[in-house]
J.: 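Can you keep this structure in mind? I'll have questions shortly.
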Amino acid sequence: MNVLVCVKRVPAVAGKIMLTADAQEIDTRYLGFTISPHEECAVEEAVRLVAAHGGSGVVLTLGPPAATEQLRDAMALGLDRAVLLETDGREWDPMATAAAIVDAVRAERAAGVEYDLLLFGNEAADTGDYQVGIRVAHALDRPCVTGVKALEVRDGRVVAKREASGGWEIFEVALPAVLTVKEGLNLPRYPSLPGRLRAKKKAIEQIAPQRSGGGLEKARLKPPKERGGQVEILGRGPEAAARAVEIFRALGVL
Amino acid sequence: MILGVAEHERGRLNERSLEVLTLGRRLAHRLGLPLHAVLVGADAEPLVARLAPYGVAVAHLVQHERLDEYAPAAWAQGLVGIIEAERPQAVLAAGTDRGNEVMAHVAARMALPMAANCTEVEPGERYRVTRLRWGGSLLEESWLGGTVKLLTVAPQAVPAEEAPVLAPAAVKPVTPALAEGDLRVRVTARIEATRGGISLTDARVVVSGGRGVGSPEGFKALEELASLLRGAVGCSRVVTSQGWRPHADQVGQTGTRVAPELYIACGISGAIQHLVGCKGAKRILAINTDPEAPMVARADYAIIGDLHAIIPALNAEIRKANADQPPR
Ligand SMILES: Cc1cc2nc3c(=O)[nH]c(=O)nc-3n(C[C@H](O)[C@H](O)[C@H](O)COP(=O)(O)OP(=O)(O)OC[C@H]3O[C@@H](n4cnc5c(N)ncnc54)[C@H](O)[C@@H]3O)c2cc1C
């Protein structure tokens, strides 16, 4: 089966997030880049599905030229090809992003490549738009299951599970289909050295996408209100236990 | 008119819907428009009475024999029918898995933009919305266009607030025109979680462990602390990616959001993606060797030192306290 995985390059933020002076972006001077944990699971799942069912796995991103780093990372894990929908680095909203991905999938189809499965992260780590996968599925007239945390492909169908209040919801759809997945689907592997070397040599197909659609436009970023309050240090080491228990009592949790 | 989507699961209202209707009512009031609500699927009619105190003038009930089970595209088609017939200025749903999913389907069908997880909404030719980025570690101010404004409301961004009831909500049943394609994706089965144990989202106390716990066995002492406090065990992402605990226990941006009375963070540095998962806690106690850890700075209380010595001491102290005093 042929699987296409869509990922997005985002800054690897950990500590306090610093903004650029114009409040348009995160200051990335001292940061690395990565993809969302959901997308790491999508890449891992694609590698596993192709290993189990044959076919080929392709990774695609819409982003700046530097996003080749994320494409190579995905190929190092075992994906066969990579496609970059190259932008000048400015943000595309979910409608425009989805339209460009749809164009790319149609172009691949015209070139004879049909995808049985399109995998997306449930939402990108940064913008959290929750809609690119669904928009792509609608345009291509394919069923779309979101929030997938377990899946199985059998006899041209995919059974997908997602968490719901108090348990799991099961969906069963025929291929070709679109799935947006969540972290917890699998434990992503680390790239091997031979994998990295192989990925380095592979060409990345570049496409200049047409920007169309849109309608959600970022004005600026700002930090949220901080959790206020002074920290009370109860002590150092085990002797703080008695004071902690007093506090548990006062809070009514004991 | 402003349209609020009231999400329910076979007759059980999702409380987030009341937050959506509260924001919807404020918006409607500012614009001098009525607030309508929509409920999709079976068993919804008894819920109309619960919506009326939120200022709902008309409740649209989307009913269809094939809507006995959740089907995102069919729910969306039901909404599209109402939007086309009634032309609301804005449609609001909850920023839940279902709310975001159904609204994205509506947006795709109507070729409209949509803003997910908004915390503030300013009406206008284009709406100025504030919404969550990085799961809430940052906020984004954006312009939302489109002939109908589609947006979802971030959970807990707007506290649910009742208003005086002027008249009971009118009920308007609608039968959507569904195509076979709208029902390709639909819940075909459910697995109920095995009962017993307190779920992370409901727990009054959450005891979470991070890399500092060191191993799966290290969680035994945390399990004991949680059980002494009748709470649940959570963890950081490092712990799940090491395979020490299942992903269902993960607290944070890509895990569960918790809102307990007390959150005890053991050996967790307090990365921003973890903090967004526990900032809903009333009180935070951090146990960490590093007094400079962000988790300590954000906490109400902290114990500085090795959790492997501190947690057993805490457990012993609680047992002693319980022995001194008869259980409640
Ligand atoms: C898009 C994205 C989403 C993410 N989502 C999540 C998420 O949902 N949840 C999440 O948790 N993380 C998430 N992360 C990861 C996050 O950035 C951090 O990497 C992670 O939270 C760190 O886990 P930790 O605090 O357990 O480990 P570390 O950062 O390694 O911290 C360990 C802490 O333990 C302390 N310590 C060590 N030994 C001891 C000891 N013996 N006693 C007491 N203290 C000790 C140390 O001082 C340190 O503060 C996400 C990251 C990204 C990029």
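Computation of the quantities below employed the complete heavy-atom set of this structure, encompassing side-chain atoms and omitting hydrogens, waters and symmetry-equivalent molecules.
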J.: Given heavy-atom pairs under 4.5 angstrom as the criterion, report whether the side chain, backbone, both or neither of B/Asn100 touches chain A.
T.: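 Looking at B/Asn100, backbone and side chain both touch chain A.
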J.: Within a strict 4.5 Å, meaning less than it, do heavy atoms of the A/Ile170 and B/Val187 side chains meet?
T.: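 Sidechains of B/Val187 and A/Ile170: no contact.
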J.: For each of A/Asp126, A/Leu251, A/Leu187, tally heavy-atom pairs with chain B at distances under 4.5 Å, and name the one with the top tally.
T.: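 Highest number of heavy-atom pairs under 4.5 Å: A/Asp126.
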J.: Salt bridge or not between B/Arg98 and A/Glu163? Use side-chain N to carboxylate O under 4.0 Å.
T.: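 Looking at B/Arg98 and A/Glu163, the cut-off is not met.
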J.: What part of B/Ile311 gets within 4.5 angstrom of chain A, counting heavy atoms only: side chain, backbone, both, or neither?
T.: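 Contact with chain A: none, neither part.
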J.: Mark yes or no for whether A/Thr146, through its side chain, and B/Glu101, through its backbone, hold a donor-acceptor pair below 3.5 Å.
T.: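 It does not hold such a pair.
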J.: Under 4.5 Å from any heavy atom of chain A, what part of B/Thr130 do you find: side chain, backbone, both or neither?
T.: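 B/Thr130 touches chain A through side-chain heavy atoms alone.
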J.: Which one, A/Val10, A/Thr127, A/Val173, leads in non-hydrogen pairs under 4.5 Å with chain B?
T.: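 Top count of heavy-atom pairs under 4.5 Å with chain B: A/Thr127.
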J.: Give a yes or no on whether A/Lys222 atom NZ has more than 12 heavy-atom contacts from other residues, nucleotides or ligands under 6.0 Å away.
T.: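 It does: A/Lys222 NZ has more than 12 such atoms within range.
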J.: Counting only N and O atoms by type, is there a donor-acceptor contact under 3.5 Å from the side chain of A/Gln131 to the main-chain atoms of B/Met114?
T.: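 Yes.
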J.: Please name the pair of heavy atoms, one in B/Ala299 and one in A/Val231, separated by the smallest distance, quoted to 0.1 Å.
T.: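 The answer is O-CB, 3.4 Å.
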J.: Looking at A/His38, A/Glu239, A/Arg162, A/Lys16, which has the largest count of heavy-atom pairs under 4.5 Å with chain B?
T.: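 The residue among A/His38, A/Glu239, A/Arg162, A/Lys16 with the greatest pair count is A/Arg162.
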J.: What pair of heavy atoms forms the shortest contact from A/Met95 to B/Pro113, and how long is it?
T.: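 In terms of heavy atoms, the two residues are closest at SD-N, 3.7 Å.
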J.: So which of A/Cys144, A/Pro94, A/Ala139, A/Ser36 has the largest heavy-atom pair count under 4.5 angstrom toward chain B?
T.: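 The residue among A/Cys144, A/Pro94, A/Ala139, A/Ser36 with the greatest pair count is A/Cys144.
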J.: Is any side-chain N of the basic residue among B/Glu141 and A/Arg220 closer than 4.0 Å to the acidic one's carboxylate O?
T.: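 The answer is yes: the pair qualifies as a salt bridge.
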J.: Side chain, backbone, both or neither: which part of B/Leu307 has a heavy atom under 4.5 Å from chain A?
T.: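 When you check distances to chain A, no heavy atom of B/Leu307 falls under 4.5 Å.
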J.: Salt-bridge test for A/Glu25 and B/Arg133: reply yes if a basic N is under 4.0 Å from a carboxylate O, no otherwise.
T.: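 B/Arg133 and A/Glu25: not salt-bridged.
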J.: Under 3.5 Å, is there a donor-acceptor pair between the side chain of B/Glu261 and the main chain of A/Gly252?
T.: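 Not a single qualifying donor-acceptor pair exists.
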J.: So for B/Arg190, is it side chain, backbone, both, or neither that comes closer than 4.5 Å to the heavy atoms of chain A?
T.: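 Both parts, heavy atoms under 4.5 Å.
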J.: Under 4.5 Å heavy-atom distance to chain A, tell me which part of B/Val205 shows up: side chain, backbone, both or neither.
T.: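 Looking at B/Val205, just its side chain touches chain A.
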J.: Determine the option with the most heavy-atom pairs under 4.5 angstrom with chain B, choosing from A/Asp93, A/Val145, A/Asn122, A/Ile26.
T.: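 Ranked by heavy-atom pairs under 4.5 Å with chain B, first place is A/Ile26.
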J.: With a 4.5 Å limit on heavy-atom distance, are the side chains of B/Leu139 and A/Pro223 in contact?
T.: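 B/Leu139 does not reach A/Pro223 side chain to side chain.
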J.: Does one side chain, of B/Gln250 or A/Glu183, offer a donor that lies under 3.5 Å from an acceptor on the other?
T.: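 On atom types as modelled, these side chains qualify, holding a pair under 3.5 Å.
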J.: By a 4.5 Å heavy-atom criterion (distance strictly below it), what part of A/Ala14 contacts chain B: side chain, backbone, both, or neither?
T.: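 It is the backbone, since no side chain atom gets that close.
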J.: Which region of B/Leu228, side chain (C-beta onward) or backbone (N, CA, C, O), has a non-hydrogen atom less than 4.5 Å from a non-hydrogen atom of chain A, or is it both or neither?
T.: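 Backbone only.
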J.: When you check the gap from the basic side-chain N to the acidic O, do B/Arg131 and A/Asp129 get nearer than 4.0 Å?
T.: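 Salt bridge present between B/Arg131 and A/Asp129.
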J.: Show, in sequence, the C-alpha distance, side-chain angles and deciding distance for A/Lys182 and B/His247, and conclude whether the side chain to side chain donor-acceptor pair (under 3.5 Å) test is met.
T.: CA-CA 10 Å; A/Lys182 278 193 181 174; B/His247 187 267; over 6 Å; no
J.: Measuring heavy-atom distances to chain A, does B/Ser199 have an atom under 4.5 Å in its side chain, in its backbone, in both, or in neither?
T.: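 It is neither, since no heavy atom gets under 4.5 Å.
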J.: Identify which of A/Gly147, A/Gly133, A/Pro37, A/Ala160 forms the greatest number of heavy-atom pairs closer than 4.5 Å to chain B.
T.: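 Looking at each of A/Gly147, A/Gly133, A/Pro37, A/Ala160 in turn, A/Pro37 comes out on top.
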